[in-house]
Amino acid sequence: MAKVADTILFLLDPLEGWDSTGDYCLSCLFAQGLPTYTLAVQGISGLPPRKQIDARKKLSKAVEKRFPDDKLLLLDTQQEAQMLLRQLANQKQRHLAFRDRRAYMFAHAADFVPSEENNLVGTLKISGYIRGQTLNVNSLLHIIGQGDFQMKQVDAPIDPFLLNPRVVKSQDSGAAMEICAMDAVVDMEEDLKVLMKADPERQESLQTEVIPDPMEGEQTWPTEEELDEANDCLKESSKVVKKVPKGTSSYQAEWILDEDGESGGEDEYDDTEHEDFIEEESQDESSEKEEEEECETMTIGESVHDDLYDENVDEEAEEKMLEKYKQERLQEMFPDEVDTPRDVAARIRFQKYRGLKSFRTSPWDPKENLPQDYARIFQFQNFTNTRKRIFKEIEEKEVEGAEVGWYVTLHVSEVPISVIEYFKRGAPLIVFSLLPHEQKMSVLNMVVSRHPGNTEPVKAKEELIFHCGFRRFRASPLFSQHTAADKHKFQRFLTADVALVATVYGPITFPPASVLLFKQNSNGMHSLIATGHLLSVDPDRMVIKRVVLSGHPFKIFTKTAVVRYMFFNREDVLWFKPVELRTKWGRRGHIKEPLGTHGHMKCSFDGKLKSQDTVLMNLYKRVFPKWTYDPYVPEPVPWMKSEISSTVPEVDME
């Protein structure tokens, strides 16, 4: 309701001001964007005279925390009610950016006409006043909590709340009579009923996703021209220029070695040099035979050195020490640290990860190894320029349609019957028009901060309820650091001390737009988790997950050390040998060679290691959000119309 309200009247309790529930509602309203508001209090005149002064002082202190520069009005008498109405009529209206550039409507009446083919889907007729911007019938319409729909036509029914009813003078008596507008335009109803109808050629499409082509990007069979061109290139590349003796044929030239060999580097062939070379070669062969008779050849494999090293390793002691270090790491709670699995090779468990020389400056292509869901979304070549162009058209271009302030009836097609049932139970029905491209799916990035009133841990990829601008939907976000770099580190939990960026698949929305994150409790109610704003619509924003493998220095020799417990077999050490190592105390190094077959490795560092230091290896991979977008989010509880308490004095507001 507050998203489309022109003015909100906050009615305060004379003793408390507001309770915890009221404070929770105020937090949501401030985070969403507060329209024009007025503060009033009822019931102070019913208190004893001595307590009235204390109650006003207490209310003033309570109001200053949330509304430091606003005045508190009394609402106990007829005169005070008139002052309040004058205040509501004359105060300056505050503008909310997310609704000023779109047409929106609060439904005063609604009717449902089921289709002939299916009774569960039909045309929804929504009547109300157009606000914000001019409404074009060819644009799309978003029903909050229900989804996007197309309009068939726009009608102009009789305005039930005319400010200036027509006055007709009677010819007989000359007395003025007010005639209802419905009676005045009965004959013209048929001509004025339909304002405009949708044009199928100009109407916005409901397509939200790209239909991926599985054959796109596949290699096609080369044509004959391409094969001939490849053969010509191969022939040209196969021609080699050599220096050969005079009178040599092309066949003989193929057997002559190039300049790297023993011959072919001179213009003339010298027979004397060739004879000397043969004599020297025969002498070398005779000396090699004598050495072979004196010495015995033996083939020594690498496994011999490994077996000799393994004889001094106590496997039982290794297991006990490993368990102790695991318990110690659990106490330290080092971020991103994981245990290397023993039942699966590390090169298989972390095969999607890579090492980086520098997380900030090392290159990473945003287009590599994209998931299949990225073939379903839309991406802008330049999102900022597209946003500026659309906003400029809204300000300068005149749009044909229902003007602001008109009372119209919208014919919305293909609407499920649950929407009208939802409205008949007393819930508000609110619609917004969509800007171009806002029905299409992409990747949304939102800056959010943890709400101090909620302390429950919120894990990444957990299903939450999003209020993003005028939309409400369910999604499972990724959390990452909010930095100016091209890579952003993944966060496993929503922390309370710093602002993070939540990344989800969702429909395109042009900022500015406020963001509220809710979590559904077991009783069906929604609790506020975080608040923030929409940052960008950018699928190329890279969220990088880090895992840290840790090892313990076993033997230290100045700048080299033997490290264990990072890996548990020789192949894993060789696989991760190119990745740089670091320690908790700031040393940097690399793996020189594996020792044995149990994962021990010899490492060198830029300084001497301490025995209590820990060797770390950082591995990174890019992560993507899950496609769990769901636009159908009903209210947490049915909307109940409350009755005014009999203790509140009745005030004639006419």
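Between Tyr632 and Phe473, a ring centre-to-centre spacing not shorter than 6.0 Å is recorded. Here His437 and Phe380 bring their ring centres to under 6.0 angstrom of each other. A centroid separation of 6.0 Å or more is found between the aromatic rings of His598 and Phe568. In this structure, Phe567 has its ring center closer than 6.0 angstrom to the ring center of Phe576.
No donor-acceptor pair closer than 3.5 Å links the side chain of Lys461 to the backbone N or O of Pro477. No donor-acceptor pair under 3.5 Å is formed between the side chain of Tyr505 and the backbone N or O of Ile377. In this structure, the side chain of Arg588 does not engage the main chain of Glu580 through any donor-acceptor pair within 3.5 Å. Between the Thr583 side chain and the Arg587 main chain, a donor and an acceptor come within less than 3.5 Å of each other. Between the side chain of Glu462 and the backbone N or O of Lys459, at least one donor-acceptor pair lies under 3.5 Å. Between the side chain of Thr560 and the main chain of Phe557, a donor-acceptor pair closer than 3.5 Å is present. Under the 3.5 Å distance criterion, the side-chain polar atoms of Ser480 are left unmatched by any main-chain donor or acceptor of Phe490. Between the side chain of His600 and the main chain of Thr597, no donor-acceptor pair closer than 3.5 Å is present. Side-chain atoms of Gln207 come within 3.5 Å of backbone atoms of Glu209 as a donor-acceptor pair (strictly under, hydrogens ignored). Side-chain N or O atoms of Asn445 include none that pairs as donor or acceptor with a backbone N or O of Leu535 at under 3.5 Å.
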What verdict does the side-chain contact (heavy atoms from CB on, under 4.5 Å) test give for Lys489 and Ile544, after you've listed the backbone C-alpha separation in whole Å, the side-chain angles of each residue and the deciding distance to 0.1 Å? CA-CA 5 Å; Lys489 188 171 141 333; Ile544 308 299; 5.9 Å; no

Val547 and Phe350: CA distance, side-chain angles, deciding distance, side-chain contact (heavy atoms from CB on, under 4.5 Å) verdict: CA-CA 9 Å; Val547 297; Phe350 303 110; 4.2 Å; yes

Run the side-chain contact (heavy atoms from CB on, under 4.5 Å) test on Met566 and Leu581 for me, step by step, so that the C-alpha distance in whole Å, both residues' side-chain angles and the decisive distance to 0.1 Å come before the verdict. CA-CA 11 Å; Met566 183 176 289; Leu581 300 175; 4.3 Å; yes

Give the C-alpha distance, both sets of side-chain angles, the deciding distance and a yes or no for side-chain hydrogen bond (donor to acceptor under 3.5 Å, both in side chains) between Thr208 and Gln439. CA-CA 6 Å; Thr208 60; Gln439 79 278 15; over 6 Å; no

List the steps and the verdict of side-chain contact (heavy atoms from CB on, under 4.5 Å) for Val548 and Val338. CA-CA 6 Å; Val548 180; Val338 297; over 6 Å; no

With salt bridge (charged side-chain N to carboxylate O under 4.0 Å, His left out) as the test, would you mind laying out the steps for Asp486 and Arg360 before giving the verdict? CA-CA 8 Å; Asp486 61 336; Arg360 185 178 61 87; over 6 Å; no

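The 12-atom threshold is not exceeded at CH2 of Trp575, counting heavy atoms of other residues, nucleotides or ligands nearer than 6.0 Å. Counting non-hydrogen atoms of other residues, nucleotides and ligands closer than 6.0 Å to CD of Gln612 gives a total above 12. The 12-atom threshold is not exceeded at CD of Glu229, counting heavy atoms of other residues, nucleotides or ligands nearer than 6.0 Å.
Pro366 has its side chain within reach of Arg622: a pair of non-hydrogen atoms, C-beta onward, lies under 4.5 Å apart. You'll find the side chain of Met441 reaches within 4.5 Å of the side chain of Trp627, heavy atoms only. A heavy-atom distance below 4.5 Å is not found between the side chains of Arg101 and Ile390. The shortest distance between side-chain heavy atoms of Phe383 and Pro511 falls below 4.5 Å. In this structure, the side chains of Asp148 and Leu434 come closer than 4.5 Å at one or more pairs of heavy atoms.
Once rounded to the nearest 0.5 Å, the distance linking OG1 of Thr509 with CZ of Arg471 reads 5.0 Å. Of the inter-residue distances, the one linking Phe432 atom CZ with Phe98 atom CZ reads 5.0 Å to the nearest 0.5 angstrom. Rounding to the nearest 0.5 angstrom, the gap separating the CG atom in Leu549 from the CE atom in Met617 is 6.5 Å. The line from NZ of Lys487 to CH2 of Trp364 is 8.0 Å long, rounded to the nearest 0.5 Å. In this structure, CE on Met525 lies 15.5 Å from NZ on Lys519, to the nearest 0.5 angstrom. Rounded to the nearest 0.5 Å, atoms CG (Leu574) and CE (Met601) are 11.0 Å apart.
Ion pairing between a basic and an acidic side chain is recognised when a charged N comes within 4.0 Å of a carboxylate O; Arg66 and Asp23 show such pairing. Salt bridge absent: Lys545 and Asp336 never bring a charged side-chain N and a carboxylate O closer than 4.0 Å. Between Arg376 and Asp373 a salt bridge is recorded (basic side-chain N to carboxylate O distance below 4.0 Å).
Ring orientation note: the planes of Phe391 and Phe510 are nearly perpendicular, at an angle over 60° on the 30°/60° scale.
Cation-pi geometry between Lys440 and Phe378 is satisfied (NZ or CZ under 6.0 Å from the ring centre, within 45° of the ring normal). A cation-pi contact, defined as under 6.0 Å to the ring centre and within 45° of the axis, is absent between Arg354 and Tyr620.
Looking at Ile465, Leu517, Asn521 one by one, the single match for side-chain contact (heavy atoms from CB on, under 4.5 Å) with Ser527 turns out to be Asn521.
No side-chain donor-acceptor contact under 3.5 Å links Ser514 and His533. For the residue pair Asn454/Arg450, the side-chain donor-acceptor check at 3.5 Å is satisfied. For the residue pair His552 / Thr614, no side-chain donor-acceptor distance below 3.5 Å is found, with atom types taken as modelled.
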